[in-house]
There are 2 protein chains.
Amino acid sequence: MEEKTTRPGPKRSLSAEQIVTTAMDLFDGETPSIRGVAARLGVRPNTLYTYLPDRAALERALVDRLLAEADPDLLLGRRSWRRRIEDYACSLRTVLLRRRGAAALFHSAPMDGPNAMLVGERLLALFTSAGLSPSDASRATYAVIVHVLGSATLTAADLDGHTEEEVVAARQAVQIDPELLPLTAAAWSTTATWNTETQFRWSLHALLDGCAAR
Amino acid sequence: MEEKTTRPGPKRSLSAEQIVTTAMDLFDGETPSIRGVAARLGVRPNTLYTYLPDRAALERALVDRLLAEADPDLLLGRRSWRRRIEDYACSLRTVLLRRRGAAALFHSAPMDGPNAMLVGERLLALFTSAGLSPSDASRATYAVIVHVLGSATLTAADLDGHTEEEVVAARQAVQIDPELLPLTAAAWSTTATWNTETQFRWSLHALLDGCAAR
DNA sequence: GGCAACACTGTACAGTGTGCAATATCGAAC
DNA sequence: GTTCGATATTGCACACTGTACAGTGTTGCC
């Protein structure tokens, strides 16, 4: 194994790790591009193709970094299984909302990185400890992933750089015609808060209730 | 109102409706671009800016068209509130998976079109009929939207042009090391089916259970 | 008929990801 | 120690993308 100990040719000036790290740094402020990362590294764009097959590979690596940044250890500890899931979910939501376009990355490629697998394993453990069968635990795991990523992505689209408060206030100010949409008008004060962590926790809670009842 | 009955200047050769319609046609096969739609209409790309402020406006319009194509009337009728939600949700999922990149459109702009409002109103009615308060009905409505869009987007990323069967088979073939990820390995036969309608219905069912319990 | 508003075009710019051929650099074999 | 082949990096180029700006010609109104 690892027969390629030394190879001819010039030394590599970079590493895949380094590229992904620079992309993460660059991520505060703008969604990273091949050319942007290369510029930051003081290198021509093509150079990156020595380390990555294409842009999708960079995105996959970023996805896995983001999952790790949310701290999968939150899924461990002595708290109840629900608390642990909620804590990691909220942490991941925060991580995804901090960087513009972060949530959207999860939709360009399948999640098969090592951290994705780790998080999956731990979620399975939690649902199993809650009494679910292996099959149901798997389904519940995916349901939670879908909720966190879907929620974060939609909220990221609505925020678009603004703060949560600004968006809620802007939505509050919208006038709904009670003739056309009576129920929407009646519930609008709640609907205006769809992009808040309160809403996030409410729906996650409902989802976990439904999963636990299986 | 509508004081602009007639205006000077040449007749318009197109309409916003027409642009959105050709974009939808073009959508089978490739994700529509300003230049692509213009070419299909036999017109320079800039011409579209007479009718639309920017690409985001086109995407918003497409989102609303997709919501309508899923047939919001499925939310009406005599079936139980759960059946009606499940039927529309599955229909929307199918619509979004039929066109590549359709699901991703929902993440570029807020959903505030007329059909989005209509669907929201009808979901509120269903949850209200299920006994939820206006506030809880609003939260449950968003939870369902998040699930449908999140699930469709993740599945679209995994499918990437392939059929559901192909993806499931490819995932089944993956070998998970039971030493590293015992639970993942044990539940993998189910995990391989995450992108199926069966999984979609399972998690939607769980979510609705949790919402109804409020 | 002149005026002002308007639709549309030509051209252009600043981006994006990425393929290809040339160049420079190294390790290993002779 | 020289040659050879593998390799990293570059310059250049291509095919895209959205969209800004300055014409150019058509039209309704006074």
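In what follows, chains are A, B, ... by sequence order, proteins preceding strands, each numbered from 1.
Comparing A:Pro45 and B:Ala56, the nucleotide of DNA chain D nearest to each residue sits closer to the 5' end for A:Pro45. Between B:Thr47 and B:Gly9, the residue whose closest nucleotide on DNA chain C is further toward the 5' end is B:Gly9. In this structure, A:Thr50 and B:Gly36 both approach DNA chain D, and ranking their closest nucleotides by distance from the 5' end singles out A:Thr50.
The base of D:dT19 sits within donor-acceptor range of the side chain of B:Arg35, with an N or O pair under 3.5 Å. A donor and an acceptor atom sit less than 3.5 Å apart, one in the side chain of A:Asn46 and one in the base of C:dG19.
Comparing C:dG17, D:dT19, C:dT9 by their nearest atom to the side chain of B:Tyr49 picks out D:dT19. The side chain of A:Pro8 lies closest to C:dG27 when the candidates are C:dG27, D:dT9, D:dA20. Closest to the side chain of A:Ser33, out of C:dT16, C:dT18, C:dT9, is C:dT16. With C:dT18, C:dA24, D:dT10 as the choices, the nucleotide that has an atom nearest any side-chain atom of A:Val43 turns out to be D:dT10. The side chain of A:Pro10 lies closest to C:dT25, out of C:dT25, D:dT9, D:dT19. Comparing atom distances between the B:Arg7 side chain and each of D:dG11, C:dC6, C:dC8 picks out C:dC6 as nearest. Closest to the side chain of A:Ile34, out of C:dT18, C:dC8, C:dA24, is C:dT18.
B:Ser33 and B:Arg55 are not linked by any side-chain donor-acceptor pair at a separation below 3.5 angstrom, with hydrogens and angles left out of the test. The closest side-chain donor-acceptor pair between B:Glu121 and A:Thr184 falls under 3.5 angstrom. A donor and an acceptor atom, one from each side chain of A:Arg171 and A:Thr193, are nowhere located under 3.5 Å apart.
Computed from coordinates, the B:Leu26 CG to D:dT17 P distance equals 10 Å when rounded to whole Å. As rounded to whole Å, 13 Å separates atom C1' of C:dT9 from atom CG of B:Leu14. To the nearest angstrom, P of C:dA7 lies 15 Å from CD of B:Gln18. Look at CZ on A:Arg55: it is 16 Å from P on C:dG15, rounded to the nearest Å. Atom-to-atom, CG of B:Asp54 to P of C:dG15 comes out at 19 Å; the value is rounded to the nearest Å. A straight line from CG of A:Leu48 to C1' of D:dT9 spans 11 Å, rounded to a whole angstrom. Across the protein-nucleic acid pair, A:Leu58 atom CG and C:dT16 atom P stand 13 Å apart, rounded to whole Å. To the nearest angstrom, C1' of C:dG17 lies 13 Å from CG of A:Leu52.
In terms of modelled atom types and a separation under 3.5 Å, the side chain of A:Arg93 and the main chain of A:Ser151 share no donor-acceptor contact. A distance-only check finds no donor-acceptor pair linking the side chain of B:Thr191 to the backbone of A:Ser138 [under 3.5 Å].
The phosphate of C:dC8 (OP1 or OP2) has no side-chain N or O of B:Arg44 nearer than 4.0 angstrom. Residue B:Lys11 has no polar side-chain atom (N or O) positioned under 4.0 Å from OP1 or OP2 of C:dC6.
Remark: B:Arg98 CZ is packed, more than 12 non-hydrogen atoms of other residues, nucleotides or ligands lying under 6.0 Å away.
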